Structures are given as structure tokens and as C-alpha cells.
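Everything below concerns the one structure shown next.
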Amino acid sequence: MTSIGTGYDLSNSVFSPDGRNFQVEYAAKAVENGGTAIGLRCKDGVVLAVEKHIMSKLLVATSNKRISTVDRHVGIAFAGLIPDGRAFVNRARDQAAQWRRHYQSPIPLSSIADDMGGYAQAYTLYSSVRPFGITAIIGGVDEDGKPGLYMIEPSGLYWGYFGAATGKGRQAAKAEIEKLDLANITIREGIKHAARIIYVAHEDSKDKEFQVEMTWVGKEETGGRHVEVPKDLLEEAERLAKKALEGDDEEEEEEKEKMEE
């Protein structure tokens, strides 16, 4: 039974005959049109990174952020519609603040992931609202220093991950992440890997200028606080990423020449 073109995509609260919610699927398409966002759960913390497209040369470099701090120990990176991302982050901040007021302690990562997954899912139930046009990656460390990483999709579905990727270049980024031994990588090493992965994911959009936005959080490196990666570390990671890509291009050219011979 087909449901294409039969009007089942006009309401968020109606399933098609074959069990699909088209509004959620459309929200996922909105995510795919955004820049790539990744999260790496290393042995001593978490690294979040985003490919931020530069839509105008007049934009201030530090504006239009795609990674936000929710609580001192938690950050959220997202891909998709920026206004939706901001509303999602504001809700997460409210949840974290409410937890601190009630329990006098920072919110566990599993709890905020559960709360925000439920919040996103609620926006798939009623015809008066639409799903969030973002996929969010939540990363941080709990009080015991244990790192955690979760990804929440427009449907409200969330899982815990060692490495997560979303956005336009998610397939290329995911392929690179799967090659890493994240259980034995420090977040300092993770910064270099994250920069390289973002550059690899950007290869399909070479005509667009972009910036790498990156944050990290670890018990030892940052004192358990979610902060931006220092400028010198980020610049060094980007330099190595560009060098690695140039090396790959040279190898491809050599292979082509050998095949032509």
C-alpha cells in the first residue's frame, strides 16, 4: 500500500497506512541540509565538533554558534535548523537548572538525554506543532568523571554512542569515526581526529567556505567543564587535518598516473 501523495504528510499526528510519519522524515531531511556535527567519546572526556558554513563574509566569526553549554559539565552540538537548535538548547538548560534546584547536584548525562528525547518526541504527537528540524549530540562528564555521549534524532529516539555524526557529511564522518580506537584515545588526540573528520566530511562541499567549531570536556583537561578548545590547539589540529588531506590527494594522483601507464 502506498501513501505517497495521499495527504498523510499534512498532519504531524497521523500515520500513513504503511506506518510512516512523514513530518518526522521531512525533519530528518532538514538535518541533512545542515553542516556536519560529530561527537567523540574518548577515554578521558568528550570532544564535540561542527562544520559551520560561512554564509556571508560579513558575519562575525564567533557568531551563529552550533555548540552550546547546557550546564557546566554538558554541551550540545546540533545539525539542522539553527532557530530550532536554540530552542532545544534553552529547554535543556531549563532542565539542567531545575535538576540543580531540586537535587543540589549536576544533572546526569543519561537523565538529560532522557528528558530531551522525551521533549523531542512530544513534538511528533500533535497536529498543532512540528518536529524539531535538528539532530542533537549531547556530550559531557558526570560527577565521577565518566564521559558520556548521546545523539537525539527528530523522532525523539536517542542512543548512547562512543562516536556519533549527523548532518550532510554524516556518512563520510561515520566511516572515519569507525576507524578510531576511541576507548584508548585521549581528548587531546581526539581534537586532532575531530578536525580531520570535519575536513573529510566537507570534501563534498568544497565550494563553500566553513569554520570548525570545537569544544571539549574532561575531568583532568578542563576540570570537568565544557569549554571551547583553546585557539592554539584548534589551529594546530586544523593544520594537521589540511596536511593529511593534501597527502591523500597526492596518493590518489599517483594511483591515477600508474593506472594510465
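Remember, predicted model here, so these are calculated numbers, not experimental data.
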Is the side chain of [X] donor-acceptor paired with the backbone N or O of [Y] at a distance under 3.5 Å, no angle test?
{"X": "Lys174", "Y": "Gly169", "result": "no"}
{"X": "Asp71", "Y": "His73", "result": "no"}
{"X": "Glu213", "Y": "Arg66", "result": "yes"}
{"X": "Arg93", "Y": "Thr69", "result": "yes"}

Thr215 and His226: side chain donor to acceptor below 3.5 Å: yes

Polar side chain donor-acceptor pair, Asn12 to Tyr123, under 3.5 angstrom: no

When clusters are formed by joining ILVMFWY residues with side-chain heavy atoms under 4.5 Å apart, either directly or through shared neighbours, do [X] and [Y] land in the same one?
{"X": "Ile112", "Y": "Trp99", "answer": "yes"}
{"X": "Phe78", "Y": "Ile54", "answer": "no"}
{"X": "Val129", "Y": "Val24", "answer": "no"}
{"X": "Tyr150", "Y": "Val47", "answer": "no"}
{"X": "Tyr126", "Y": "Tyr26", "answer": "no"}

Only one of Thr186, Ile185, Asn184 clears side chain to side chain contact (heavy atoms under 4.5 Å, CB included) with Cys42; which? Ile185

Under the side chain to side chain contact (heavy atoms under 4.5 Å, CB included) test against Gln23, which residue among Ser13, Ser127, Pro131 passes?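 Of Ser13, Ser127, Pro131, side chain to side chain contact (heavy atoms under 4.5 Å, CB included) with Gln23 is met by Pro131 alone.
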
Got a sec, which residues hit side-chain contact (heavy atoms from CB on, under 4.5 Å) with Tyr199, two or more places apart in sequence or on another chain?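 Applying side-chain contact (heavy atoms from CB on, under 4.5 Å) to Tyr199 gives Phe210, Val212, Glu238, Ala241, Lys242, Leu245.
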
When you check the gap from the basic side-chain N to the acidic O, do Glu189 and Lys43 get nearer than 4.0 Å?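 Looking at Glu189 and Lys43, the cut-off is not met.
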
For Leu157, what are the other residues in its hydrophobic cluster, where any two members join if their side-chain heavy atoms are less than 4.5 angstrom apart?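 When side chains under 4.5 Å apart are linked, the cluster holding Leu157 also contains Val46, Leu48, Val50, Ile67, Ile137, Val141, Leu149, Met151, Trp159, Tyr161, Val217.
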
By salt bridge (charged side-chain N to carboxylate O under 4.0 Å, His left out), which residues pair with [X], not counting sequence neighbours?
{"X": "Asp115", "result": "none"}
{"X": "Glu209", "result": "none"}
{"X": "Lys29", "result": "Glu32"}
{"X": "Arg86", "result": "none"}

More than 12 heavy atoms of other residues, nucleotides or ligands under 6.0 Å from CD of Glu220: is that the case? no

